[in-house]
2 protein chains.
Amino acid sequence: MKKPRPLSPDAMALVARRFAVLAEPTRLHLLHTLFDGEKSVNTLVELTGGTQANVSRHLQTLAHAHMVSRRKEGLQVFYAIADPSIFKLCELVCGSLEKSLTKQADSFAEAP
Amino acid sequence: MKKPRPLSPDAMALVARRFAVLAEPTRLHLLHTLFDGEKSVNTLVELTGGTQANVSRHLQTLAHAHMVSRRKEGLQVFYAIADPSIFKLCELVCGSLEKSLTKQADSFAEAP
DNA sequence: ATTAAATATGCATATATGCGTATATGCTTG
DNA sequence: CAAGCATATACGCATATATGCATATTTAAT
């Protein structure tokens, strides 16, 4: 019997949205690049190789979800990871992913 | 300095896909309903209130991602949570979500 | 073998989401 | 005040995904 919470319908939508924010390679790339500390938009553009518009958009999505923080300093805007649970989240997913991969390498490749 | 792994580009895509599977209220509802044990498709249809076709499709998506297991018994098919990390994942997200909600209730309501 | 029940799939559609390009906003400096 | 740089936004388009409806598939029973 493991029923942590009643889990109201709209609470579920919020959780889903949270996962959706993480369901994007570009955003994961940005988060991963921020793992070792705060960086400006331009730096992130250079490090990730994305276009400036895209990086900015994705950073806003992350900021809106309170996953990264935004600090303005002169012309530049610095983003940093704001939610520490993101580290654990990625660890968990990477961990269980590795287990799946070592067993059946193509399981995810053909997913919908 | 927290760089868990090199994080190859296609590994990131896999992680993103994994999160994407969880980024769906219907699938979260199904997982949550399975928290207290294995259930048949029909039971899940009744408990979640979704259509049979939808429930079946979403269960397949979950099974394809190795998050649930599939056991056939006569006419019925029983699904159960296969990846224990899902419990921790949901706990993490729900936890950090609650913190965000108690601070700013509308932050997510207007997300993109 | 036929029929019925449980589950899965095909098709069409609506909605959402990401990207490229161009442009707007904001801040700093001369 | 004008000009330039860093960042954010607007628009159009292509793609993906969820859903409803209908139907196919699989298994059990008579």
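Lettering of chains follows the sequences in order, A, B, ..., and the numbering in each one begins at 1. Below, each value reflects all heavy atoms present in this structure, side chains not excepted, and no hydrogens, waters or symmetry copies.
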Check: A:T48 side chain, A:L44 main-chain N or O, donor-acceptor pair, under 3.5 Å: yes

Among residues 49-58 of chain A, which ones have heavy-atom contacts with DNA chain D below 4.0 Å? A:Q52, A:A53, A:S56, A:R57

Determine which pairs satisfy salt bridge (Lys or Arg N to Asp or Glu O under 4.0 Å) with at least one residue from residues 40-67 of chain B, sequence neighbours left out, and list them in order. none

Taking DNA chain D as the partner, which of residues 68-79 of chain A come within under 4.0 angstrom of it by heavy atom? A:R70, A:L75, A:Q76, A:V77, A:Y79

Set of residues satisfying side-chain contact (heavy atoms from CB on, under 4.5 Å) with respect to B:T43, sequence neighbours excluded: B:K39, B:S40, B:L47

Provide, to the nearest angstrom, the distance between the CG atom belonging to A:L22 and the P atom belonging to C:dT17. 14 Å

CA sep, side-chain torsions, deciding dist, call: A:T51, A:V45, side-chain contact (heavy atoms from CB on, under 4.5 Å): CA-CA 6 Å; A:T51 68; A:V45 169; over 6 Å; no

Can you check whether A:T43 has a side-chain N or O nearer than 4.0 Å to OP1 or OP2 of D:dA6? no

Whole angstroms only, please: what is the NZ-C1' distance between A:K39 and D:dT7? 18 Å

N/O donor-acceptor pair under 3.5 Å between A:T33 side chain and A:H29 backbone: yes

Evaluate the criterion side-chain contact (heavy atoms from CB on, under 4.5 Å) for residue pair B:N54 and B:T26; output intermediate values, then yes/no. CA-CA 9 Å; B:N54 248 328; B:T26 306; 5.6 Å; no

Search all heavy atoms of A:V15 against all heavy atoms of B:C94 and return the closest pair with its distance. CG2-SG, 4.0 Å

I want to check one thing: is the phosphate of D:dA18, taken as OP1 and OP2, less than 4.0 Å away from some side-chain N or O of B:T61? no

Return the value, rounded to whole Å, for the distance between atom CG of A:L28 and atom C1' of C:dG18. 14 Å

Side-chain donor/acceptor pairs under 3.5 Å, residues 71-88 of chain B, sequence neighbours excluded:
unit_1	atom_1	unit_2	atom_2	d
B:R71	NE	B:E38	OE2	2.7
B:R71	NH1	B:E73	OE1	2.5
B:R71	NH2	B:E38	OE1	2.9
B:R71	NH2	B:E38	OE2	3.4
B:R71	NH2	B:E73	OE1	3.3
B:D83	OD1	B:S85	N	2.9
B:D83	OD1	B:S85	OG	2.7
B:D83	OD2	A:S96	OG	3.3
B:D83	OD2	B:R18	NH1	3.4
B:D83	OD2	B:R18	NH2	3.1
B:D83	OD2	B:S85	OG	3.3

Atom of B:L22, atom of B:M67 and distance for their closest heavy-atom approach: CD2-SD, 3.8 Å

Can a donor-acceptor pair be found, under 3.5 Å and without considering hydrogens, that links the side chain of B:R27 to the backbone of B:V21? yes

Given atom CZ of B:F19 and atom P of C:dG18, what is their separation to the nearest angstrom? 15 Å

side-chain contact (heavy atoms from CB on, under 4.5 Å) for B:V55 and B:L59? Distances and angles first, verdict last. CA-CA 6 Å; B:V55 169; B:L59 285 172; 3.7 Å; yes

Rounded to whole Å, how long is the line connecting atom CG of A:N42 with atom C1' of C:dG26? 16 Å

Rounded to whole Å, the CG-P distance (A:L30 to C:dC19) equals 10 Å

When rounded to whole Å, the CG to C1' distance for the pair B:L59 and C:dT7 reads 10 Å

Whole-Å distance, A:H29 NE2 to C:dC19 C1', equals 16 Å

Dot-bracket summary - DNA chain C, pairs being Watson-Crick or G-U whose distances fall under 3.5 Å, with | when paired to another strand: ||||||||||||||||||||||||||||||

